[in-house]
**Student:** 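A single structure is presented below for examination.
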Amino acid sequence: MNPPRRRAILIICDGLGAEWISEARTPTLARLMANHLRAGDHRAVFPSVTRVSAASIATGCFPGRHGLEGNQMALVEDGRIVVHNVGAPSFRETMRRVTGRTLRVPTMAERLAPHGGQIAYSNVSPGAAYFLDPDHFGTVLHRAGSFGPGGVSLTGDAHLDVTHDLDGDIEMTRRFCDEVVPADGFGLAILWLANPDLTLHHDPLGSPQHLHALEVTDRLVAQVIAAVEAHADRFDTLLVVGSDHGHETIARSVHVGQWLATQGLEADLKAGRIGVASQGTSALIYAAAGTRRALADLLPAMARQPWAGSILTGDALAATGLTGETLFAAVDTTRHDEPNEFGVPGTRWLVEDGEGTPDIGCGHHGGLGPSETRPFLAFIHPDFAPGEAGRATSLVDIAPTVLGFLGIRAEGMDGTPIST
Ligand SMILES: [Zn+2]
């Protein structure tokens with residue numbers, strides 16, 4: 001009899017900050033963290049937004065290497081800085097048209113194509129789903145369109161026709177447990193749940209809605225664990241369970257572009273020589289070479305604004321792992337110590353540029369705050385001894401760990417394998 005075949009399953013609970021895991025709220029996750037290898041000092045990437053996180057998990061690289069700089073990011077088109085929403089299903093086409101490619105480094109889907117392949121079920125934004133495998137080396141199932149290797153459209157029962165809510169997460173997990181966990185055809189399978197992130201964008205941290213989303217999410221993880229255990233005789237499965245970022249409370253908002261316009265840069269904004277891309281609780285400011293001096297001269301005044309928590313440029317910005325040809329600065333918004341209505345400490349400013357009306361009192365993320373930068377991560381397999389990883393880890397360490405387990409070379413990544 002052949003030994004069970006090695007494979008990995010990765011579950012991402014979007015927006016589930018490590019601080020929300022407890023025996024009372026999330027008993028399954030609490031036990032995973034207590035009884036298996038956990039990343040005790042685990043960090044989000046910057047900006048701490050879902051689409052960038054998906055690309056960093058997929059490639060094992062920081063955004064300065066993979067090139068997906070934000071949930072919104074600027075491209076230079078006909079000499080103009082144009083800010084795009086990366087969540088749109090069409091953004092990959094735009095990126096290819098303007099830059100000649102999508103991500104600049106290979107994804108796990110590409111590396112795994114000759115080694116069993118990758119299949120992903122995702123219920124977040126189309127952009128975040130498709131950037132797990134932007135060039136269709138594997139299979140991606142998403143409500144906006146499902147695709148097999150080579151970009152073959154999957155329709156009918158093969159498509160993932162679920163709603164973008166908690167019920168959709170429940171139905172997606174049921175299908176994942178029925179269709180993927182017992183199946184033979186993958187090296188890595190990814191289940192990316194929309195919650196609790198989706199709930200938190202419309203409800204406060206600590207609210208009954210948030211706690212309900214946590215409880216349901218915890219149960220969905222338990223379902224996958226049970227399904228994996230039911231097939232333990234056939235497969236040697238590494239189960240990786242984690243999140244991409246946490247959340248912070250929005251109490252105020254600012255339109256950075258409007259502020260720049262009042263400081264004399266309106267013509268530069270209109271002409272596409274400056275662009276502002278909101279990342280929720282932070283902003284990326286893009287500038288053409290000729291306008292950088294004027295913008296640099298404004299930074300001391302910007303730093304005195306109540307919403308400007310910290311402004312990163314040059315080496316300080318690069319140290320976060322984020323660089324870009326026209327990217328000039330990043331602003332992380334101010335954090336105030338006040339609690340929200342459910343007693344959760346800390347509030348932030350939302351950057352409105354391209355984000356629309358802020359949901360004051362609800363959750364958001366994208367910056368360098370203490371809660372949004374603390375996702376969780378655990379590895380469940382006998383090869384990974386229980387306890388805490390003895391170092392700071394990041395989303396970019398997931399890919400090399402998974403590929404190492406599968407015996408596949410993972411050269412050229414920013415991350416390194418995690419062990420006890
Ligand atoms: Zn997310």
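One-based numbering, in listed order, for ligands and for the atoms of each. Nothing fancy with the numbering, it's 1 onward along the sequence.
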**Student:** About how large, to 10 degrees, is the angle NE2 of His245, then the Zn ion (ligand 1), then OD2 of Asp244?
**Tutor:**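 Taking the Zn ion (ligand 1) as the apex, I get 100° for this pair.
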**Student:** Can you tell which of Arg96, Arg104, Arg92 makes a salt bridge (Lys or Arg N to Asp or Glu O under 4.0 Å) with Asp135?
**Tutor:**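 Between Asp135 and the candidates, salt bridge (Lys or Arg N to Asp or Glu O under 4.0 Å) is satisfied uniquely by Arg96.
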**Student:** Is Asp337 salt-bridged to Arg335, cutoff N-O under 4.0 Å?
**Tutor:**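 A salt bridge is present here (some side-chain N lies under 4.0 Å from a carboxylate O).
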**Student:** Can you tell me the N, O or S atom of Asp14 that's nearest the Zn ion (ligand 1)?
**Tutor:**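 For Asp14, the N/O/S atom sitting closest to the Zn ion (ligand 1) is OD1.
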**Student:** Closer than 2.8 Å to the Zn ion (ligand 1), do we get an N, O or S atom from Asp197, backbone or side chain?
**Tutor:**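 Within the cut-off used here (under 2.8 Å), Asp197 places no N, O or S atom near the Zn ion (ligand 1).
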**Student:** Counting backbone and side chain alike, does Ser243 bring an N/O/S atom below 2.8 Å of the Zn ion (ligand 1)?
**Tutor:**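 Of the N, O and S atoms in Ser243, none lies under 2.8 Å from the Zn ion (ligand 1), which means no.
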**Student:** Under 4.0 Å between a side-chain nitrogen and a carboxylate oxygen: does that hold for Arg174 and Asp169?
**Tutor:**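 No, this pair does not count.
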**Student:** Between Glu325 and Tyr286, do the side chains contain a donor N or O and an acceptor N or O under 3.5 Å apart?
**Tutor:**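 There is no such pair between these side chains.
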